Amino acid sequence: MNRTKMINLICEKRKTFDFVVIGGGATGLGIALEASSRGYSVVLLEQNDFTKGTSSRSTKLVHGGVRYLAQGNISLVKEALRERGLMKQNAPHLVKNQSFIIPAYKWWVQPFYTIGLTIYDLLSGSLSLGRSLPYSRKKTLECIPTLKTKGLKGGVIYHDGQFDDTRFGINLCQTIIEKEGIVLNYMKVTELIKEQHKIIGVTAVDKETGKEFKITSKNVINATGVFIDNIIKMDTPNAKKMVCASQGVHLVLDKEFVPNNYAIMIPKTSDGRVLFAVPWHDKVIVGTTDVKKENAELEPVALEEEISFILETAGRYLAKKPQRSDVKSVFAGLRPLAMSKEGSLKTKEISRGHKIIISKSGMLTITGGKWTTYRQMGEDVINRITKYSNLKQTISITKKLKIHGYKENVNYNNSLYVYGSDEEKIIALATSENLEGYLSESLKIINAQVIWGARYEMARTVEDILARRTRALFLDAKESVKIAPKVAKLLAKEFGYNKAWETNQITNFKSIAANYILN
Ligand code: FAD
């Protein structure tokens, strides 16, 4: 995964590609993998780093969506449950089976959710992750000893998947390259190239050098999440808005708040949503919220009311109420929801299904969906285009395609487990270049991970390393600021940059991290 090599490939080939995909989040990566694995030539262009947008800010669940079942959206739940099983099957090093407990403080909660979740299990068919069952009070407290005991009647256990979203994104990039696709970060699409009213390519600017590239392609796909309307406007300036952004916030707490490996699911909060507290990399993620946002941003900021809502709701179920000072990191993400025809729908009521439209000039835009359905979205897009174009007809192979890093029997207690089959190579790199020491002992990040990220995973900045190649910023924002200078030094040496670059990188990272720290 080498950026210079990727740029050279675009210049050398100077050909018309089958597909240009704009956007390097879950949706764009799923489409580029679908295209490259079916033998089409494809270039994916991301304006910042891969998964910098919404795709690094999820609840980290690979799930059918218990909430959507309650809303009666059976087809969406069924599709997502199938995709959950496929994600686990194709990337077992990143997707694991997570047990959830719904605590019951009212008599009807246990029978009601046991029945509902049994339907959930049945919908997942042969890809089920385990049966949902009612649990006694004693067993519920054994799983989650930190629950408030007053009034607790028992619980219900069910299973869903859990993953690391940005690591999955990087592994998708690697798989695309292995299938001869091209992926480029820091390459912003600034213009659509048209000929006789048809789109025949894009102009993109390399944000590192300012150099402009004209890339011609038979098909251009707009998979830019909450930014899709900006690209649509390049095509049709007076087009109607297609995306509606809804913000969701998560707080990260120390593991002591939910000490075992069981997650908590609160099925009905005061705003009529669900709240999760999920163990993740030795911490606990608590969230989320659903607040309509007018503007698309790459670094959305959590609102005070979202933070207090999460702390207060979690505090109603936990014996020790979490305080602001307990928050290790706060992060916000924007859901790219397909704008509802009704317009008046609240964001929590808008379907999480995906929507595809093709403009008169031939650009395909996709919006909506979930991380869990990224593969199905890719398949739908490529099927739709190849059906009507003169491209060779092909059949999807991604249902059984192993993702880079594939490894069975993973030891999730090993902090390098997310690298899957690459783990041994990182250990070898650490030994050969004397990079075995801890960069952060509390987060169990070793120095070799920085060089690995730069050399083999196209990390370009301190933020790329601390936010997406490792998850330091999301796990403990203050600690990530502490280790930023060391990362800058290692990267500067690796890339041959000077002290001024190092200083600039640290300043940039600190200003981003400031929004992840609660004072
Ligand atoms: P993005 O990830 O935002 O990617 C779009 C990319 O396009 C961005 O990286 C952006 O930089 C790039 N771009 C924009 N303009 C340009 C341009 N001009 N040139 C080049 N690139 C450009 N789903 C689940 O399955 N499980 C969950 O647990 C879950 N939790 C969620 C929790 C929250 C709070 C939120 C907000 C969403 C959650 N989702 C979850 C949904 C899931 O995260 C999103 O559906 C998914 O990440 C959207 O991916 P995307 O590729 O469409 O958008």
Side-chain angles (χ1 to χ4, degrees), residues 20-32 43-65 67-68 76 80 83-84 87 95 98 160-166 168-169 172 184-192 202-205 207 220-234 243 245-250 263 273-274 276 278 280 285 287-291 293 296-300 302 306 310 331-338 347 352-355 365-378 468:
V20 161
V21 180
I22 317 173
T27 311
L29 292 167
I31 296 166
V43 183
L44 177 140
L45 305 169
E46 164 55 48
Q47 66 172 349
N48 193 283
D49 187 25
F50 307 112
T51 69
K52 161 79 181 181
T54 309
S55 299
S56 53
R57 298 149 195 277
S58 76
T59 314
K60 329 297 175 205
L61 299 181
V62 179
H63 63 158
R67 192 167 72 86
Y68 317 131
L76 175 66
E83 293 302 316
R84 175 188 80 171
M87 268 176 91
V95 181
Q98 174 68 56
D160 248 328
Q162 199 223 17
F163 78 141
D164 186 318
D165 46 14
T166 67
F168 203 98
L172 285 178
L184 271 164
N185 52 7
Y186 297 100
M187 192 63 93
K188 179 175 178 150
V189 170
T190 50
E191 238 174 18
L192 301 173
V202 302
T203 305
V205 175
K207 283 168 79 177
V220 172
I221 295 167
N222 174 12
T224 52
V226 288
F227 301 93
I228 56 169
D229 289 319
N230 298 346
I231 307 286
I232 291 176
K233 283 209 157 65
M234 292 179 192
V243 78
S246 139
Q247 176 158 296
V249 162
H250 293 93
R273 302 191 73 259
V274 299
F276 293 102
V278 190
W280 189 63
I285 298 188
T288 175
T289 52
D290 198 332
V291 176
K293 275 281 177 98
E297 289 165 273
L298 265 182
E299 274 298 342
E306 293 180 288
I310 297 173
F331 60 92
L334 299 178
R335 298 175 189 86
L337 303 180
T347 46
R352 267 44 174 175
H354 59 274
K355 194 164 161 185
T365 295
I366 177 159
T367 183
K370 292 145 61 84
W371 235 120
T372 310
T373 52
Y374 85 96
R375 192 210 63 82
Q376 185 63 57
M377 291 164 82
R468 291 168 295 276

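Because only heavy atoms are used, hydrogens play no part in the values below, and waters and symmetry mates are left out as well, while side chains stay in. Numbering of residues begins at 1 and proceeds along the displayed sequence. Both ligands and their constituent atoms are indexed starting at 1 by order of listing. What you see is a predicted model; the values in this text were computed from it and never measured.
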Notebook entry, point to check: Numbering the atoms of ligand 1 from 1, which are under 4.0 Å from a heavy atom of K60?
Noted result: 28 (O)
Checklist line | Part of W371 within contact of ligand 1 (heavy atoms, under 4.0 Å) | finding: both
Next item on the list: Pull out every atom of ligand 1 sitting under 4.0 Å from any heavy atom of G369, numbered as shown with elements.
Entry: 45 (O)
Notebook entry, point to check: Given side chains that start at C-beta, do those of L44 and L184 come closer than 4.5 Å, heavy atoms only?
Noted result: no
Item checked: Minimum side-chain heavy-atom gap Y68-K370 below 4.5 Å -> yes
Check: Quick one: does S55 get an N or O within less than 3.5 Å of an N or O on ligand 1?
Finding: yes
Notebook entry, point to check: Going by atom types alone, do T59 and H250 pair a side-chain donor with an acceptor below 3.5 Å?
Noted result: yes
Check: If you count the atoms of ligand 1 from 1 in the order shown, which ones are under 4.0 Å from a heavy atom of L334?
Finding: 36 (C)
Checklist line | Point-to-point distance, once rounded to the nearest 0.5 Å, from OG1 of T224 to CD1 of I231 | finding: 5.0 Å
Check: At a 4.0 Å threshold, what atoms of ligand 1 neighbour a non-hydrogen atom of A223?
Finding: 5 (C)
Next item on the list: Mark yes or no for whether W371, through its side chain, and S55, through its backbone, hold a donor-acceptor pair below 3.5 Å.
Entry: yes
Next item on the list: Check whether any side-chain N or O of K207 sits under 3.5 Å from a backbone N or O of Q47 as a donor-acceptor pair, and report yes or no.
Entry: yes
Margin query: Among all the protein's non-hydrogen atoms, which is closest to atom 30 (N) of ligand 1, and how far away is it?
Written below: T59 N, 3.0 Å
Next item on the list: Could you tell me whether V189 and ligand 1 have an N or O pair separated by under 3.5 Å?
Entry: yes
Notebook entry, point to check: Tell me: protein heavy atom nearest atom 52 (O) of ligand 1, and distance?
Noted result: T27 OG1, 2.7 Å
Next item on the list: Give the contacting part of T288 toward ligand 1: side chain, backbone, both or neither, where contact means a heavy-atom distance below 4.0 Å.
Entry: side chain
Next item on the list: Sort out for me which residue in V205, T203, I22 forms a side chain to side chain contact (heavy atoms under 4.5 Å, CB included) with V189.
Entry: I22
Margin query: Using a strict threshold of under 4.0 Å (side-chain N to carboxylate O), is an ion pair present between K52 and E299?
Written below: yes
Margin query: Regarding atom 44 (C) of ligand 1: of the candidates T373, T54, N230, which has the closest heavy atom?
Written below: T54
Notebook entry, point to check: Is there a donor in the side chain of S246 and an acceptor in the side chain of D290, or the other way round, less than 3.5 Å apart?
Noted result: yes
Next item on the list: Specify the protein heavy atom at minimum distance from atom 39 (N) of ligand 1: its residue, its atom name, and the distance to 0.1 Å.
Entry: S58 CB, 4.1 Å
Notebook entry, point to check: So which of G53, S246, G248, G25 gets nearest to atom 34 (C) of ligand 1, if we judge by its closest heavy atom?
Noted result: G248
Note to self: Heavy-atom pairs closer than 4.0 Å: do any link ligand 1 to the side chain of T372, the backbone, both, or neither?
What the structure shows: both
Check: Quick one: does ligand 1 sit under 4.0 Å from the side chain of Q247, the backbone, both or neither, non-hydrogen atoms only?
Finding: neither
Next item on the list: Run the numbers for me: atoms of ligand 1, each under 4.0 Å from some heavy atom of I22, listed by number.
Entry: 17 (C), 19 (N), 20 (C)
Notebook entry, point to check: Taking atom types as modelled and ignoring hydrogens, do the side chains of D165 and S56 form a donor-acceptor contact shorter than 3.5 angstrom?
Noted result: no
Next item on the list: If you have a sec, work out which protein heavy atom is nearest atom 5 (C) of ligand 1 and how many Å separate them, to one decimal?
Entry: T224 C, 3.5 Å
Notebook entry, point to check: So is L45 close enough to ligand 1, meaning a heavy atom under 4.0 angstrom away?
Noted result: yes
Check: Side chains of Q162 and W280: does their closest heavy-atom pair fall under 4.5 Å?
Finding: yes
Note to self: Are any of the N/O atoms on L61, whether in the backbone or the side chain, positioned under 3.5 angstrom from an N/O atom of ligand 1?
What the structure shows: yes
Item checked: Subset of ligand 1 atoms that lie under 4.0 Å from at least one heavy atom of G225 -> 5 (C), 52 (O), 53 (O)
Notebook entry, point to check: Judging by distance only, is a nitrogen or oxygen of G333 under 3.5 angstrom from one on ligand 1?
Noted result: no
Notebook entry, point to check: Quick one: which ligand 1 atoms are inside 4.0 Å of a heavy atom on H250?
Noted result: 32 (C), 34 (C)
Check: Is there side-chain contact between S58 and F163, with heavy atoms separated by less than 4.5 Å?
Finding: yes
Checklist line | V62 side chain near D160 side chain, heavy-atom distance below 4.5 Å | finding: no
Notebook entry, point to check: Is R57 in polar range of ligand 1, meaning some N or O pair under 3.5 Å apart?
Noted result: no
Next item on the list: Could you say whether the N/O atoms of E46 and ligand 1 ever approach to under 3.5 Å?
Entry: yes
Item checked: Identity and distance of the protein heavy atom lying nearest atom 36 (C) of ligand 1 -> R335 CG, 3.2 Å
Notebook entry, point to check: Short question: side chain of T289, backbone of V249 - any donor-acceptor pair under 3.5 Å?
Noted result: yes
Item checked: Residue part near ligand 1, for H63, under 4.0 Å between non-hydrogen atoms -> side chain
Check: Which residue owns the protein heavy atom closest to atom 21 (N) of ligand 1, what's the atom, and how far is it?
Finding: Q47 N, 3.0 Å
Margin query: With a heavy-atom distance limit of 4.0 Å, tell me whether I231 approaches ligand 1 through its side chain, its backbone, both, or neither.
Written below: side chain
Margin query: Under a 4.0 Å threshold between the charged nitrogen and the carboxylate oxygen, would K60 count as salt-bridged to D164?
Written below: no
Check: Do E83 and Y374 touch side chain to side chain, with heavy atoms closer than 4.5 Å?
Finding: no
Margin query: Only heavy atoms of L298, strictly under 4.0 Å: list the atoms of ligand 1 that pass.
Written below: 11 (O)
Note to self: Between ligand 1 and N48, is the shortest N or O to N or O distance under 3.5 Å?
What the structure shows: no
Check: Any donor-acceptor pair under 3.5 Å linking the side chain of T367 with the backbone of K355?
Finding: no
